[in-house]
Number of protein chains: 2
Amino acid sequence: MARKRTIDDIARLAGVSKTTVSRVLNSKPDVDPNTRERILRIVKEEGFVPSATATGLAGGRSHLLGVLVPSFTWPMIPDIVCGIAETIGNSAYELVLYSLNDKTRENGEGDVIDHILSTNLVAGLLAVLPGQSSKFVLRLHQHGFPVVLIDDQGDPPLVPWVGADNQCGAYDAVKHLLALGHRRIAHIQGPMKYVCSRDRYEGYCRALQEHGIPVDPALVIEGAFETPSGREATQAFFSLPEDQRPTAIFAGNDLMAFGVLAFAEEHGIDVPGDLALVGFDSISSSALVRPSLTTVKQPFQEMGQRGIELLLSIIEQSDQQRLNVRPAFARDFTRLSSSDIHEPSSAPPLRIQLATSLVVRASCGMQQRSSISSV
Amino acid sequence: MARKRTIDDIARLAGVSKTTVSRVLNSKPDVDPNTRERILRIVKEEGFVPSATATGLAGGRSHLLGVLVPSFTWPMIPDIVCGIAETIGNSAYELVLYSLNDKTRENGEGDVIDHILSTNLVAGLLAVLPGQSSKFVLRLHQHGFPVVLIDDQGDPPLVPWVGADNQCGAYDAVKHLLALGHRRIAHIQGPMKYVCSRDRYEGYCRALQEHGIPVDPALVIEGAFETPSGREATQAFFSLPEDQRPTAIFAGNDLMAFGVLAFAEEHGIDVPGDLALVGFDSISSSALVRPSLTTVKQPFQEMGQRGIELLLSIIEQSDQQRLNVRPAFARDFTRLSSSDIHEPSSAPPLRIQLATSLVVRASCGMQQRSSISSV
DNA sequence: CTGTTAGCGCATTCAA
DNA sequence: TTGAATGCGCTAACAG
């Protein structure tokens, strides 16, 4: 563990001014190749790493990326953060993690965002914020602060976003059930305030309609993306007259599908024999439950990765702009009237939609249901 | 979203020098009460938040805490980080997250630690680093850098640490099996390079010995803390002559217990009828598998919380020292000969051990096994 | 191509 | 009890 060196030390050792050292470190063009190489060698020998703090202060830009996540109890968060951390690790940035606690979860997202901004610590923000919370992120974006939304897109979709193709994922899931011969397919929706829930519902409807099956309102119930709501919805379905009950359920996410399994287990309903089941997300537990859950896999880790890549490109772009306009501009938010709000570029916001994939396991059975003749 | 104000703005608005404002912000004593109150009011009105970057540069100390975790795929990491994030959120610090990737996982922990130190970004480090990796952390600690280890303690235990009482937890688990009448109880160890694995093994031995049961080497196998190794160990156990097979297994963690369940499922072994099973950790999936898993619950969230609290107290203490000694001392590591290495305090390193609790579910059965007469 | 100058926003000496 | 001056380590403007 060597002594912490400053840029001045390196300059002294190399026999040049610290300005020159700074230039090499920032890959500026106008430096003599020999000098550059000598400096780089010394930097490596001494194991010199510039102070992120000082760099941030002097340059006006920080090397920290903010990541805002809701509760860690959401099972996909670790996967997303994993992709994020890995990608940031390969960059020159560091990861500052912000999270919502019980106090801020309800209506305090704005406070957290204000805090993130007022400390002026991070160069940009990657947020996993479903639903209406994204309006805070929208405000940031409109004021030119680099921001990317992950997972649930904003409504309307005005912010750079990385997420899965929820509609197609749901469509595939329901098509799978239809191919197995099911006709009475119920759907437990996620909270309809989330765009992703609405997308999945649309995929469900589209698949049914393509098969000429009308959407039965009695077979669609809004859940809360949590296990108990899945159980309650199933209870409601099985309170219907026997001939109106579903033979299959498409749950809006895996946690609610676990609720379906719990209800089935308690009431002696055989899955997949009496009831087929598909979930959404493919969280790790979905392979462990019995029967193992057929589900739609979201590429969470890739979402994190692509999200950071997108954020970095936006930051880079906004740095360019800031250097070409009058300085300190980016920090003065008060003076911005709505007409001053600038599009980060003339191009439309960048939006990346990733494909999902169906993970077939035991909860649907393997056979076609009522079409042995077609074999 | 107000304009980002500087300390100078506040000084101007209050009609005092920025030095005075700085004094108020840092709760220095020698300030006129009226002035203090006026400044605080303006600070609140303007929503002023000092720049963490500048504070760090000028004061020599940062308001960032480093948290180093291994792979996010470890199921307890989210819980630990949750406790960490919550606690940091209630402090004046921010959380910088470092993680090991595939490259650094093997022998690169030292590099990561060097990186953390050389960037000089964080005021202290909370590390979840099992096994020998802790030697890097020990080095930091000996050089006076505030460090706390979580989960698996170092060996020898010289670093401030927060973890669970693994030996008692294991002891309780095995006592539970003994109370159910089991006598041939196998143990799938975690990797023995981890102190926690050795502690659990000791708890296992102690419980058996208290009942006058010798430890049978054929019933103890070292696993890898991952599901496949649990399956393999079980296979080995069931390759024994029938009268030497275990009637119960104490798995070193839940993931390996899942491997036991998988093997049992494939080979028609009834759990808990033919084989009782206890895990360790109480990760969320342990309630979802069938049969649901009896396991030893570690208070992961509290571990994170207590870890941060301990780290903050150490940082505070080291700040005090630094102000009383010659400045810039803490950053100069080269000059330290081993005799210069100072104990952060004359007191022994702070070590916090938290109690575990047994979560009884279905995988052991509910009845005593061979003592109906005792009912 | 290179060095000099002047700050970034704050904490910490000093002197008043 | 307060203010002016100095510097943390670095980048960016300006001249050479």
Side-chain angles (χ1 to χ4, degrees), chain A residues 3-12 14-39 43 48-63 92 118-121 319-320 322-332, chain B residues 3-12 14-39 43 48-63 92 118-121 319 322-324 326-332:
Chain A
R3 163 181 180 150
K4 177 68 188 159
R5 304 207 157 279
T6 71
I7 209 175
D8 299 70
D9 297 327
I10 305 299
R12 204 170 307 118
V16 294
S17 76
K18 51 180 168 186
T19 314
T20 307
V21 176
S22 169
R23 277 196 262 263
V24 237
L25 291 175
N26 295 291
S27 318
K28 305 281 184 188
D30 299 336
V31 177
D32 178 87
N34 295 323
T35 317
R36 175 187 299 274
E37 194 157 338
R38 181 158 40 93
I39 293 178
V43 162
F48 169 73
V49 180
S51 149
T53 312
T55 314
L57 226 205
R61 57 171 152 251
S62 103
H63 281 173
S118 61
T119 58
N120 218 290
L121 194 66
D319 272 357
Q320 301 275 329
R322 197 159 47 75
L323 291 181
N324 298 342
V325 194
R326 63 177 203 278
F329 168 78
R331 288 194 199 128
D332 187 348
Chain B
R3 160 177 186 156
K4 177 66 189 161
R5 303 207 157 278
T6 71
I7 210 175
D8 299 70
D9 298 327
I10 305 299
R12 205 170 305 119
V16 294
S17 76
K18 50 182 169 185
T19 314
T20 307
V21 177
S22 169
R23 277 196 263 262
V24 175
L25 292 176
N26 294 291
S27 317
K28 305 284 183 187
D30 300 335
V31 176
D32 179 85
N34 296 322
T35 316
R36 175 187 298 275
E37 194 156 340
R38 182 157 39 93
I39 292 177
V43 162
F48 169 73
V49 180
S51 150
T53 311
T55 315
L57 225 205
R61 57 173 151 250
S62 104
H63 282 175
S118 60
T119 58
N120 217 289
L121 194 65
D319 272 357
R322 197 157 47 75
L323 292 181
N324 298 342
R326 65 176 201 278
F329 168 78
R331 289 194 198 127
D332 188 346

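Excluded from the calculations below are hydrogen atoms, water molecules and symmetry mates; all remaining heavy atoms, backbone and side chain alike, are included.
- Note on A:Ser51: every side-chain N or O is 4.0 Å or more away from OP1 and OP2 of D:dC10.
- Atom CZ of B:Arg38 and atom C1' of D:dT1 are 13 Å apart (whole Å).
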Checklist line | Audit row: B:Arg38, B:Asn34, side chain to side chain contact (heavy atoms under 4.5 Å, CB included) steps and yes/no | finding: CA-CA 6 Å; B:Arg38 182 157 39 93; B:Asn34 296 322; over 6 Å; no

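- Look at A:Thr20 and you won't find any side-chain N or O under 4.0 angstrom from OP1 or OP2 of C:dT2.
- For the OP1/OP2 pair of C:dT12 and a distance below 4.0 Å, the side-chain nitrogens and oxygens of B:Lys28 include at least one atom meeting the criterion.
- The distance between atom CZ of B:Arg5 and atom C1' of C:dC10, rounded to the nearest whole Å, is 17 Å.
- When distances run from any side-chain atom of A:Phe48 to the nucleotides D:dC10, D:dT2, C:dA11, the shortest one goes to D:dC10.
- One atom, CG of B:Asn120, and another, P of D:dG9, lie 9 Å apart when rounded to the nearest Å.
- We find that CG of B:Asn26 is positioned 11 Å from P of C:dC10, with the value rounded to whole Å.
- For B:Ala11 against B:Ser17, the heavy-atom pair with the smallest separation is CB-C, 3.8 Å.
- One atom, CD1 of B:Ile39, and another, C1' of D:dG3, lie 12 Å apart when rounded to the nearest Å.
- For the pair A:Ile7 CD1 and C:dT2 P, the computed distance is 15 Å after rounding to whole Å.
- Here the P atom of nucleotide C:dC10 and the CZ atom of B:Arg61 are 15 Å apart, to the nearest Å.
- Heavy atoms of A:Thr19 sit under 4.0 angstrom from at least one base atom.
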Checklist line | Chi angles and distances behind the side chain to side chain contact (heavy atoms under 4.5 Å, CB included) call for B:Leu25, B:Ile10 | finding: CA-CA 11 Å; B:Leu25 292 176; B:Ile10 305 299; over 6 Å; no

Item checked: Stepwise side chain to side chain contact (heavy atoms under 4.5 Å, CB included) check, A:Thr6 with A:Asp9 -> CA-CA 5 Å; A:Thr6 71; A:Asp9 297 327; 3.4 Å; yes

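- Residue A:Thr35 has a polar side-chain atom (N or O) positioned under 4.0 Å from OP1 or OP2 of C:dT2.
- The interatomic distance linking A:Leu25 (CG) with D:dA12 (C1') rounds to 15 Å, in whole Å.
- Taking each heavy atom of B:Arg36 and B:Ser27 in turn, the nearest pair found is NH1-CA, 4.2 Å.
- A donor-acceptor contact under 3.5 Å links the side chain of B:Arg23 to the base of D:dG3.
- Each of B:Asp30 and B:Ala54 was matched to the nucleotide of DNA chain D holding its nearest heavy atom; the match closer to the 5' end belongs to B:Asp30.
- Between D:dT2, C:dG9, C:dT2, one nucleotide has an atom nearer to the side chain of B:Leu57 than all others, and that is C:dG9.
- If B:Pro29 and B:Ala58 are placed on DNA chain D by their nearest nucleotide, the residue sitting closer to the 5' end is B:Pro29.
- Nucleic acid contact for A:Thr6: sugar-phosphate only, since backbone atoms but no base atoms lie under 4.0 Å from a heavy atom of the residue.
- No donor-acceptor contact under 3.5 Å links the side chain of B:Ser17 to the base of D:dA4.
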